[in-house]
Amino acid sequence: MPFNFPKKEKLKSKKLIEQLFVKGKSISSYPIKLIYLKVELPIDVPIQAGVTVPKKNFKSAVKRNRIKRLLRESYRLNKAVVFNNREGTFAFLFLYLGKEMPTAQQVGAQMKSVLEKFNKKISHE
RNA sequence: UUAGCAGGUCUCCCUAUCGCGAUGACUAUAAACGUUAGCGAGGAAAGUCCGGACACCAUAGUGCAACAUAGCGGGUAACACCCGUCGUCACGUCUCGGCGUGAUAGGACAAGUGCAGCAGAAAGAAUGUACAGGUAAUGCUGUAGUGAAAUCAGGUAAACUCUAUGUGGUGAAACGUCAUGUAAAUCGAUGUUUGAGGGUAGCACGCCCAAAUCGAAGGGUAGGCGGUUUGAGUCUUUGGGCAAUCAAAGAUCUAGAUAAAUGAUAGGGAUUCGUUGAACGAAUACAGAAUCCGGCUUAUGACCUGCUUUUUAA
């Protein structure tokens, strides 16, 4: 399992994102919230993921960029957790709900926990 | 030493590991995957306040209106920007002629309209004090008095106004093109009459629109590709010019994403701060390209040069 995050694993379709907000289920591990949906993906990959930081909480574009990069980085390092035991394909969207700048360690820990919660929930269904 | 002003330079650096984006090569009809190479945010990328390039639209034209600009000269693709200069104002200096620094929406009161603190009877369609003169009679005349200015006029246009010059609108989600594919809804051509009605930036004129026939393709799917980065480019030298800046020669190619790349971790170094040295710790501004340029404005760290002023110490 390589620790990479290529372009085809990024959630880009605006249609899918719309669907996520309408039908998606969510899990949160503050300050990270994961919205997910089991869907057919246009390309043959297990999961497509995107990140977003609301403009309301962070007015500065530099800070929003920083958090999005941290989210992407931590997903890249921890995605093996969900890639290994999944059935079907999913669309993910990570939301950052906090109002303070996090450190890389904090984001990493919460990312791990939210992905583990996702695994538990999926195995119960 | 501290503060201020003006100008200039830069925007922490290095190594390792793991990643991201587009491009070239391997590479072939194309795509995908992989390997590899070099490249990958700013001085303001920001605010969107001006000026352009570029694109499309007669719902784009014409007149009025509206809006913008405002000494003079120069620079420029253009400007409300920049440079020079004159006037005015303020401050400083002074040998009282000037000199230095800073500020400046600075055309016109010629036409019409409006406005004006204090003082004053009265600042223009309203009236009068004292003294003197004069008349049939009357502020009719003079002087005094108030004021910058008293039926003699003057001031004011970041007051209406006038003059000169300029301005159509919409903005890359513009616009072009490709693919899938059905109708009465789209476009083009031909074309008829009442020009009623509707549309058109405020108004008027003008213009456009509705039937039918023929031909071709649209909406929607925020689909793909182009536009999209070689340009009023950057650097160096020489020459012209007080300067802004211009010209010539040589060299050079320097981000191109689209739910949006340019990052993360570890180690080392640099600078600053924690009274000094070591050690240790903390901090390293403002801020993220989105069609592209020229300005303005705002945010903001460090260093260098020059000038000025105050305080402290010697």
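Here is the naming used below: chain letters follow the sequence lines, and residue numbers restart at 1 for every chain.
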Undergrad: Taking a pair as Watson-Crick or G-U wobble with both distances under 3.5 Å, which nucleotide is matched to B/U2?
TA: none

Undergrad: Can you tell me how far P of B/A260 sits from NZ of A/Lys55, to the nearest Å?
TA: 16 Å

Undergrad: CZ of A/Arg64 versus P of B/A46: gap in Å, rounded?
TA: 13 Å

Undergrad: What is the distance from CG of A/Leu71 to P of B/A260, rounded to the nearest Å?
TA: 11 Å

Undergrad: Does A/Thr52 or A/Ala61 map to a spot on RNA chain B nearer the 5' end, using the closest nucleotide for each?
TA: A/Thr52

Undergrad: How close do A/Gly98 and A/Asn57 get, counting heavy atoms only, and between which atoms?
TA: O-ND2, 3.4 Å

Undergrad: Between A/Leu93 and A/Thr103, which is nearer to the 5' end of RNA chain B once each is assigned its nearest nucleotide?
TA: A/Leu93

Undergrad: Give, for atom CD of A/Gln48 and atom CG of A/Leu93, the distance between the pair rounded to the nearest 0.5 Å.
TA: 12.0 Å

Undergrad: Could you pull out the protein-nucleic contacts involving nucleotides 261-263 of chain B (nitrogen or oxygen on both sides, under 3.5 Å)?
TA:
| from | atom 1 | to | atom 2 | distance (Å) |
| --- | --- | --- | --- | --- |
| B/A261 | OP1 | A/Arg72 | NH2 | 3.1 |
| B/U262 | OP2 | A/Arg69 | NE | 2.8 |
| B/U262 | OP2 | A/Arg69 | NH2 | 3.3 |
| B/G263 | N2 | A/Glu73 | OE2 | 3.3 |

Undergrad: Expressed in angstrom and rounded to an integer, what is the separation of A/Leu77 atom CG from B/C20 atom C1'?
TA: 13 Å

Undergrad: Any base atoms under 4.0 Å from A/Ser74, or only sugar-phosphate, or nothing? Heavy atoms, all strands.
TA: nothing

Undergrad: Main chain of A/Phe58, side chain of A/Arg64: is a donor-acceptor contact present, judged purely on distance under 3.5 Å?
TA: yes

Undergrad: Within this structure, what is the NZ-to-P distance between A/Lys63 and B/A46, rounded to whole angstrom?
TA: 18 Å

Undergrad: Would you mind reading off the distance between A/Ile35 atom CD1 and B/A259 atom C1', rounded to a whole angstrom?
TA: 13 Å

